[in-house]
S.K.: 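Attaching a single structure in structure tokens format; questions to follow.
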There are 2 protein chains.
Amino acid sequence: MNKISTRAQIIQHADQLFYQQGFENTSFADIAGMVKISRGNFYHHFKSKDEILKAVIELRLANTQNMLDKWQTSTDNPTKRIECFIKILITNWSKIKYYGCPVGTLTSELAKLNHSLQANANELFSLFRNWLAAQFELMGQVKKADAFAMHILARSQGVATLGNSFRDENFVKQEVEQMCDWLNSLKKQQG
Amino acid sequence: MNKISTRAQIIQHADQLFYQQGFENTSFADIAGMVKISRGNFYHHFKSKDEILKAVIELRLANTQNMLDKWQTSTDNPTKRIECFIKILITNWSKIKYYGCPVGTLTSELAKLNHSLQANANELFSLFRNWLAAQFELMGQVKKADAFAMHILARSQGVATLGNSFRDENFVKQEVEQMCDWLNSLKKQQG
DNA sequence: AGTAAATTAGGACAATTGTCCTAATGAGTC
DNA sequence: GACTCATTAGGACAATTGTCCTAATTTACT
């Protein structure tokens, strides 16, 4: 039957709900309703709500790594790889429009809760940061690689937040284009 | 005695707590503890928690307008005015470091809650957006004024989110400098 | 001083929260 | 078929939530 384990189902639905409703605002009852199990059953799989969050972050880290790996094999051109990253804003626009960036909104929420898993969530940013920096290095921007990575990360983050707030797809498209222009202007400077 | 009214005190402390802990995560008990009044007393001043949020947003709108007005009178140079905006990231760094941008984090949270006051919170962004656009117009950038306003708004927002996540002041300073450089390069293009 | 209104404290209220316990059911092994 | 262990359902639990009610107190005005 190849049935998905209950544990995996809990993580999967929690991932979705934490993104759409926020972590604090998502209750056990919400997740139980989605997975269609009883509330008491949770504690056989997870000791606490925080453990679910931990598992969700680990899932997101794995999914993100998979995505980065795919981009890595899809082309040898580091500039094109970075463009893949920039264009997630458009690829995932239908979700970003309503729920913002899954990484940024989570880290922001955990910061306000002063939650013990802040560092884990920040790893999601670090994953992108390090991968982007590696691409910039391949472009020959060894010295500025990390600064450029943070720059692109920040701009994407801001576009997601503003795009979510104003629900304006054209704005997102324009900013994506500008970021790609900036990226390609670096190549020329270098070559 | 010139005592601050209870209502004003509630709004003031709620403003602070909503920023530091988030709206949903701040309870009546939290606010009551700060103002030092009984919980039941709230409903003489506000019909519901949402009404407090509404009042808090109105307070923030008023405070923001005051800040913009001050910048407006502090100099005739629109470029310098925009620099004032960009540099809030540094001015308010000690708070942003721990709680992020008060506007961005609120709109993001309300989006996830699908809250009825989303539009009110977004007005905070609009206030900055329109003021920035007016400054860009004064700089002679009539056609691109709004796009530039959104651009600066988005970049500031992203820097606040990443700055909050990584707690990195140097990154913030670098990005602020780059934004100012970009701003001043526009002036040269024009003149 | 006396009266009316505004303000306050304190607690009741049902609903929901995360957590935990126990008994029943399931599957797989000998 | 009997036994073991994993999984599940259902409910108990105290704590907290936003909301509302009532009685007491304070304030303001005649």
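Atoms considered below: every heavy atom in the structure, side chains included; atoms not considered: hydrogens, waters and symmetry mates. These numbers come from a predicted model, not from an experiment. Every chain is numbered from 1, with letters handed out A, B, ... down the list of sequences.
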S.K.: Quick check against the 3.5 Å criterion: does A/Arg60 have a side-chain atom that pairs as donor or acceptor with the backbone of A/Asp15?
M.R.: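 Side chain of A/Arg60 to backbone of A/Asp15: a pair is present.
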
S.K.: If the condition is salt bridge (charged side-chain N to carboxylate O under 4.0 Å, His left out), which residues does A/Arg81 pass it with, not counting sequence neighbours?
M.R.: none

S.K.: Kindly say if A/Thr6 contacts the phosphate of D/dT7, meaning a side-chain N or O under 4.0 Å from OP1 or OP2.
M.R.: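 A/Thr6 to D/dT7 OP1/OP2: no side-chain N or O under 4.0 Å.
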
S.K.: Could you give the NZ-to-C1' distance, from B/Lys36 to C/dG10, as a whole number of Å?
M.R.: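 Going from B/Lys36 (NZ) to C/dG10 (C1'), I get 19 Å.
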
S.K.: So which protein N/O to nucleotides 12-20 of chain C N/O distances come out below 3.5 Å?
M.R.:
| from | atom 1 | to | atom 2 | distance (Å) |
| --- | --- | --- | --- | --- |
| C/dT17 | OP1 | A/Ser27 | OG | 3.2 |
| C/dG18 | OP1 | A/Lys49 | NZ | 3.1 |
| C/dG18 | OP2 | A/Phe28 | N | 3.0 |
| C/dG18 | O6 | A/Arg39 | NH2 | 3.2 |
| C/dT19 | OP2 | A/Tyr43 | OH | 2.7 |
| C/dT19 | OP2 | A/Lys49 | N | 2.9 |
| C/dT19 | O5' | A/Tyr43 | OH | 2.9 |

S.K.: Measure from CD1 on A/Ile37 to C1' on D/dG10 and round the result to the nearest Å.
M.R.: 13 Å

S.K.: Just jot down the salt bridge (charged side-chain N to carboxylate O under 4.0 Å, His left out) partners of A/Arg129, sequence neighbours excluded, or say none.
M.R.: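 Counting only residues at least two positions away or on another chain, A/Arg129 forms a salt bridge (charged side-chain N to carboxylate O under 4.0 Å, His left out) with A/Asp146.
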
S.K.: Enumerate the side-chain hydrogen bond (donor to acceptor under 3.5 Å, both in side chains) contacts for residues 82-109 of chain B, please, sequence neighbours excluded, ordered by first and then second residue.
M.R.: A/Lys112-B/Thr105, B/Glu83-B/Asn184

S.K.: Does B/Ser165 use its side chain to pair, donor to acceptor, with the backbone of B/Thr161 at less than 3.5 Å?
M.R.: no

S.K.: Got a donor-acceptor contact below 3.5 angstrom from the B/Thr73 side chain to the B/Asp69 backbone?
M.R.: yes

S.K.: Does anything in residues 42-56 of chain B pair up under side-chain hydrogen bond (donor to acceptor under 3.5 Å, both in side chains), and if so which pairs, sequence neighbours excluded?
M.R.: B/Asp50-B/His115

S.K.: Find the bend of the helix from C/dA1-D/dT30 to C/dC30-D/dG1 as the angle between its two terminal axes (five pairs each), to the nearest 10°.
M.R.: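 Angle reported: 0°, given to the nearest ten degrees.
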
S.K.: Taking only N and O in the side chain of A/His44, is any of them less than 4.0 Å away from OP1 or OP2 of D/dA9?
M.R.: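 Result: no.
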
S.K.: I'd like to know if the side chain of B/Asn164 reaches the main chain of B/Ile96, judged simply by a donor and an acceptor atom lying under 3.5 Å from each other, with no hydrogens or angles considered.
M.R.: yes

S.K.: Over how many whole Å does the gap from B/Ile10 atom CD1 to C/dT7 atom C1' extend?
M.R.: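 So the CD1-C1' distance, B/Ile10 to C/dT7, works out to 11 Å.
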
S.K.: Output the rounded distance in Å from CZ (B/Phe42) to C1' (D/dC21).
M.R.: 17 Å

